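What follows is a set of notes on a single structure, which appears directly below.
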Amino acid sequence: VRDADFKYVQFADERVPPLLFDLNNDPSEFDNLAQQPEHAQTVLRYCQKLLRWRMYNEDQRMEHWAQQFWS
């Protein structure tokens, strides 16, 4: 997820920590802020943005087919 202020990257492998870059102060993306406690709220906010984006863009074609197994 990227906007004018931050870039956030989350990996599928839980052993790989997320990345958070302050694009205003570090446009070359050298300083990963994700593990710094003072940026915990920013990490959470961008993680939620990423989750919402994924849910919105997820392929739903099989959703109706799968519902037959939930009844």
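None of the values given here were measured: they were computed from a predicted structure. Positions are given from 1, in the same order as the sequence printed here.
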So with a 6.0 Å cut-off around OH of Tyr56, is the heavy-atom count from everything else above 12?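 Result for OH/Tyr56: open.
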Please report the C-alpha distance between Leu50 and Arg54 in whole Å, then the side-chain angles of each, then the deciding distance to 0.1 Å, and finally whether the side-chain contact (heavy atoms from CB on, under 4.5 Å) criterion is met. CA-CA 6 Å; Leu50 182 61; Arg54 180 167 180 207; 5.7 Å; no
Under the salt bridge (charged side-chain N to carboxylate O under 4.0 Å, His left out) rule, what pairs show up with a residue in residues 35-53, not counting sequence neighbours?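 Sorted pair list: Asp3-Lys49.
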To the nearest 0.5 Å, how far apart are CZ in Phe6 and NE2 in His39?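 If I round to the nearest 0.5 Å, the distance is 6.5 Å.
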Show me, pair by pair, the donor-acceptor contacts under 3.5 angstrom made by side chains of residues 16-29, not counting sequence neighbours?
unit_1	atom_1	unit_2	atom_2	d
Asp22	OD1	Asn24	N	3.0
Asp22	OD1	Asn25	N	3.3
Asp22	OD2	Asn25	ND2	2.8
Asn24	ND2	Asp5	OD1	3.0
Asp26	OD1	Glu29	N	3.3
Asp26	OD1	Phe30	N	3.1
Asp26	OD2	Phe30	N	2.9
Asp26	OD2	Asp31	N	2.7
Glu29	OE1	Lys7	NZ	3.1
Glu29	OE2	Arg2	NH1	3.3

Strictly by modelled atom types, are Gln10 and Tyr8 linked by a side-chain donor-acceptor pair under 3.5 Å?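 Indeed, the side chains of Gln10 and Tyr8 share at least one donor-acceptor pair under 3.5 Å.
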